[in-house]
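Below you'll find the structure, written out as structure tokens, and then a few comments.
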Amino acid sequence: MATPESEPVRTNFIEDIINDDLRTGKWDGRVITRFPPEPNGYLHIGHAKSICLNFGLALQYQDRATEARCHLRFDDTNPTKEEQEYIDSIKEDVRWLGFDWGRHEYYASDYFEQLYEWAVQLIRDGLAYVCDLDAEGIRQHRGTLTSPGRNSPHRDRGIEENLALFERMKAGEFPDGSRTLRAKIDMASPNLNLRDPVMYRILHATHPRTGDAWCIYPMYDFTHGQSDSIERITHSICTLEFENHRPLYDWFCEALKIYHPQQIEFARLNLTYTVMSKRRLLELVRGGYVGGWNDPRLPTIGGMRRRGYTPEAIRHFCRRIGVNKFDSTIDVALLEYCVREDLNRRAPRVMAVLRPLKVVITNYPEGQVEHLEAVNNPEDPAMGTRQVPFTRELYIEQDDFREEPPPKFHRLSPGREVRLRYAYFITCQEVVKDAAGQVVEVRCTYDPATRGGDAPDGRKVKATLHWVAAEHAQDAEVRLYDHLFSKPDPDEMDADKPDANWLANLNPASLEVLSGCKIEPTWREARGPDWPDGIARVQFERHGYFCVDRDSSSAKPVFNRTVTLRDSWAKIEKSQSPGKR
RNA sequence: UGGCCCGUGGUGCAAUUGGUAGCACGCCUGACUCUGGAUCAGGAAGUUCUAGGUUCGAGUCCUAGCGGGCCAGCCA
């Protein structure tokens with residue numbers, strides 16, 4: 001049987017290019033890609049798309065290529081924004097996703113010396129010059145989208161003067177922002193990136209890796225292509241916004257006469273009900289709208305890991321969304337489908353009552369305890385069974401009882417018989433209410449002949465409820481997560497408040513913390529095969545998939561809801577509610 | 001008003017490179033079921049952005065238009 005991981009997926013336009021190249025021998029049969037994050041933030045599902053693409057390609061062409069691998073390269077050219085902490089978390093995330101860069105861990109900063117020499121080479125060739133304009137001056141000379149720029153007054157400086165000035169920039173003789181090294185291309189180019197782009201800027205800042213060795217730092221455009229070149233990358237895959245930079249990428253490689261990889265752009269990932277930009281993610285964290293970078297509601301890799309998503313599910317998702325050259329927004333339901341699909345096969349089943357309602361089995365002997373066999377995972381008999389204690393007093397879900405059942409509700413209600421999973425049929429005989437009229441207890445009788453869950457006389461029940469023995473129950477905290485935003489597109493504003501911004505669309509119910517939840521005491525015995533990442537995941541029957549949060553203690557476990565089960569009753573209920581449909 | 005890139009069911013992708021569209025998610029039915037889960041079967045849903053053109057034949061090629069994205073950081 002084909003696993004989701006191995007299922008064939010149609011080739012995308014990037015694979016078409018690679019296949020062509022392999023056929024024509026363009027790169028001597030090599031396929032070398034790279035994932036080049038800037039260590040200035042945490043990775044999110046959008047990065048996962050790129051990671052899966054780049055590392056996936058290397059894996060995929062292992063047999064067909066003479067050499068196939070993917071490098072991990074940190075694009076660390078801006079010390080004012082980058083930190084070691086980000087480097088560490090990025091490595092952790094890529095590893096967790098299941099990819100291995102082997103010894104191919106690189107840093108653009110490792111190439112600073114070479115980059116400097118190349119800059120000098122360009123000056124010697126008359127293709128670069130030191131410009132004394134400040135940021136404002138450069139901007140004023142740049143022109144606009146529709147009008148050409150003007151040459152810098154320093155554009156025609158002599159080579160020797162440029163060399164001396166650049167040397168002095170490097171030596172730290174000038175303050176930040178006072179001068180730049182620029183490529184001499186074309187101030188009239190319709191592509192603004194070609195209007196004498198800055199190659200080096202002065203930044204007296206301590207770099208996480210090179211410390212204070214440099215006070216001039218190369219710009220992205222003067223770094224990325226050359227880094228690719230040094231590493232002999234064949235296909236340099238990046239997102240669409242770099243399309244306009246490709247001519248510059250090519251220009252530098254050609255001007256320098258160095259190995260010239262091919263840049264290919266693809267569309268970044270967008271998901272419904274969430275935001276993906278670093279800026280917005282940062283705002284959510286800084287503003288306290290979420291608990292931190294690994295808040296389970298965030299689309300960050302750390303958040304998803306804590307939410308209980310598996311690397312397998314994320315990889316499968318990334319394979320299924322495809323790769324293209326135009327913006328699109330994927331329905332988060334597909335992501336959720338992928339997690340369910342994976343967890344359904346792997347997660348042991350456990351009974352957990354989230355909102356307890358006490359049930360007393362009036363004809364069941366007081367003090368008696370029976371141990372009933374429960375299946376750990378109906379999808380995988382190899383996961384075995386366990387013995388769950390059953391007693392006179394139990395908890396069932398509040399939602400599983402209705403004093404006045406609506407149409408199509410076939411759970412417990414007065415006079416009705418249902419099955420307690422793996423246990424007995426019970427019939428509701430009496431309802432106990434508090435002073436406020438709230439149902440606080442349901443008194444039932446059980447049929448001893450239905451032990452195990454089947455009636456010898458063949459009679460059927462319409463519902464099977466999960467339950468937990470009251471005295472034996474493990475108390476737990478359960479965190480119910482839902483979409484972070486209440487609209488598929490967080491930017492869509494309600495007509496009555498057109499001036500609001502995306503934050504107004506935060507879903508007030510994105511997190512609900514439940515305490516006093518009752519978990520079946522044998523839940524730990526239900527564990528299936530070990531989870532490679534050490535995060536325990538279970539299915540709470542009829543609820544969804546949950547993972548054990550790091551806030552857990554042995555006295556009180558804490559569970560995070562990864563995703564709910566598909567819930568057809570919820571749909572019926574929703575369609576019954578007035579105002580709907 | 002400039003340049004570049006891009007338009008296929010609600011959403012995301014396919015279509016053997018010119019032979020009148022197929023898959024998945026979602027949605028709706030039904031079957032089965034000790035999870036209202038899973039599974040299985042079926043259904044609704046597309047003027048392939050529009051208009052011309054080439055061709056026996058166009059989602060694929062050409063032209064124009066319309067729509068969307070990106071670009072005026074000493075960010076990446």
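Because the structure is a prediction, the values reported are computed rather than measured. Lettering follows sequence order; numbering is per chain, from 1.
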(message) Pair A:D228, A:R73 - check salt bridge (Lys or Arg N to Asp or Glu O under 4.0 Å), show working.
(response) CA-CA 9 Å; A:D228 286 340; A:R73 181 173 72 233; 2.6 Å; yes

(request) Starting at atom CZ of A:R349, determine the distance to atom P of B:rU33, rounded to an integer number of angstrom. (result) 19 Å

(message) Any base atoms under 4.0 Å from A:Y337, or only sugar-phosphate, or nothing? Heavy atoms, all strands.
(response) sugar-phosphate

(message) Treating primed atoms plus P, OP1 and OP2 as sugar-phosphate and everything else as base, which nucleotides of nucleotides 67-76 of chain B get B, S or - for protein heavy atoms under 4.0 Å?
(response) --SBBBSBSB

(request) Find the distance A:D331:CG to B:rC25:C1' and express it as a whole number of Å. (result) 7 Å

(request) Classify the ring geometry between A:Y111 and A:Y106 as parallel (under 30°), tilted (30 to 60°) or perpendicular (over 60°). (result) tilted

(request) Give a yes or no answer on whether the side chain of A:R195 reaches the backbone of A:R142 with a donor-acceptor pair at less than 3.5 Å. (result) yes

(request) For B:rC4, take OP1 and OP2 only and decide whether either is under 4.0 Å from a side-chain N or O of A:R246. (result) no

(message) How many whole angstroms separate atom OH of A:Y545 from atom P of B:rA38?
(response) 8 Å

(request) Look at A:R34 together with A:E231 and state whether they make a salt bridge at an N to O cut-off of under 4.0 Å. (result) no

(message) Any carboxylate oxygen within less than 4.0 angstrom of a Lys/Arg side-chain nitrogen, looking at A:R279 and A:E283?
(response) yes

(request) Please tell me which of A:K460 and A:I330 maps to the more 5' nucleotide of RNA chain B, matching each residue to the nucleotide holding its nearest heavy atom. (result) A:I330

(message) Between B:rC71 and B:rC25, how many Å separate the two P atoms, rounded to a whole number?
(response) 35 Å

(message) Give me the distance, rounded to whole Å, that separates B:rG59 from B:rU48 when you measure between the C1' atoms they each carry.
(response) 5 Å

(request) Check the distance between B:rG12's P and A:L335's CG and give it to me in whole angstrom. (result) 15 Å

(message) Taking B:rA72 as the reference, what is the distance to B:rG10 when you measure between their C1' atoms (whole Å, please)?
(response) 37 Å

(request) Quick one: do A:E38 and A:K81 satisfy salt bridge (Lys or Arg N to Asp or Glu O under 4.0 Å)? Show the steps, please. (result) CA-CA 9 Å; A:E38 181 190 11; A:K81 293 186 175 173; over 6 Å; no

(message) From C-beta outward on A:N344, which listed nucleotide comes closest to its side chain: B:rA38, B:rG2, B:rA24?
(response) B:rA38

(request) Could you walk me through whether A:E85 and A:Y42 pass the side-chain hydrogen bond (donor to acceptor under 3.5 Å, both in side chains) test, one step at a time? (result) CA-CA 9 Å; A:E85 184 200 335; A:Y42 299 92; 2.2 Å; yes

(request) Check the angle between the aromatic planes of A:Y116 and A:W214 and answer parallel, tilted or perpendicular using the 30° and 60° thresholds. (result) tilted

(message) For the P atoms, the ones on B:rU33 and on B:rU50, what distance do you get once it is rounded to whole angstrom?
(response) 48 Å

(request) Please say which of A:D447, A:D454, A:T450 ends up in a side chain to side chain donor-acceptor pair (under 3.5 Å) with A:R459. (result) A:D447

(message) Rounding to an integer number of angstrom, what distance separates B:rG9 and B:rA21 when you compare their C1' atoms?
(response) 11 Å

(request) Just need the stems in RNA chain B: three or more back-to-back Watson-Crick or G-U pairs, each with both distances under 3.5 angstrom, sorted by first number. (result) B:2-7 with B:66-71, B:10-13 with B:22-25, B:27-31 with B:39-43, B:49-53 with B:61-65

(request) Mind checking A:L334 for me? I need base, sugar-phosphate or nothing, with any heavy atom below 4.0 Å counting as a touch. (result) sugar-phosphate

(message) With syn defined as a glycosidic angle within 90° of 0 and anti as the rest, where does B:rG73 land?
(response) syn

(message) What contact category does A:H543 fall into here, base, sugar-phosphate, or nothing, at under 4.0 angstrom with non-hydrogen atoms?
(response) nothing

(message) What is the distance, to the nearest angstrom, from the CD atom on A:E15 to the P atom on B:rC13?
(response) 14 Å

(request) Starting at atom CD1 of A:I396, determine the distance to atom C1' of B:rU35, rounded to an integer number of angstrom. (result) 15 Å

(message) What contact category does A:F425 fall into here, base, sugar-phosphate, or nothing, at under 4.0 angstrom with non-hydrogen atoms?
(response) nothing

(request) Over 60° means perpendicular and under 30° means parallel, so classify the ring planes of A:H466 and A:H543, tilted if in between. (result) perpendicular

(message) Considering every strand and a 4.0 Å limit on heavy-atom distances, what is the contact class for A:K571: base, sugar-phosphate, or nothing?
(response) sugar-phosphate

(request) Round to a whole Å and report the spacing from CG of A:L271 to C1' of B:rC25. (result) 13 Å

(message) With a 6.0 Å cut-off (strictly less than), is the heavy-atom count around CZ of A:R402, excluding the residue itself, greater than 12?
(response) yes

(request) Counting heavy atoms from C-beta on, name the nucleotide in B:rC28, B:rG2, B:rC5 closest to the side chain of A:T146. (result) B:rG2

(request) Could you measure between the two C1' atoms, the one in B:rA15 and the one in B:rA58, and give it in whole Å? (result) 13 Å

(message) Using O4'-C1'-N9-C4 for purines and O4'-C1'-N1-C2 for pyrimidines, with syn meaning within 90° of 0, is B:rU17 syn or anti?
(response) syn

(request) Could you check whether A:T329 gets within reach of a base, just the sugar-phosphate, or nothing at all, counting any heavy atom under 4.0 Å? (result) sugar-phosphate

(request) Could you work out the separation of B:rG12 and B:rG36 based on their C1' atoms and round it to a whole Å? (result) 28 Å

(request) With heavy atoms under 4.0 Å as the rule, sort A:R419 into base, sugar-phosphate or nothing. (result) base

(message) Need one value for A:E336: base, sugar-phosphate or nothing, where a base atom within 4.0 Å counts as base even if backbone is also close, heavy atoms only.
(response) nothing

(message) Between A:G322 and A:K462, which residue's closest nucleotide on RNA chain B lies nearer the 5′ terminus?
(response) A:G322

(request) Please work out whether the ring planes of A:Y249 and A:H224 are parallel, tilted or perpendicular, with thresholds of 30° and 60°. (result) tilted

(request) Can you tell me, in whole Å, how much space there is between the C1' of B:rC62 and that of B:rG22? (result) 27 Å

(request) Using atom CG of A:L248 as one end and atom C1' of B:rC4 as the other, report the distance to the nearest whole Å. (result) 14 Å

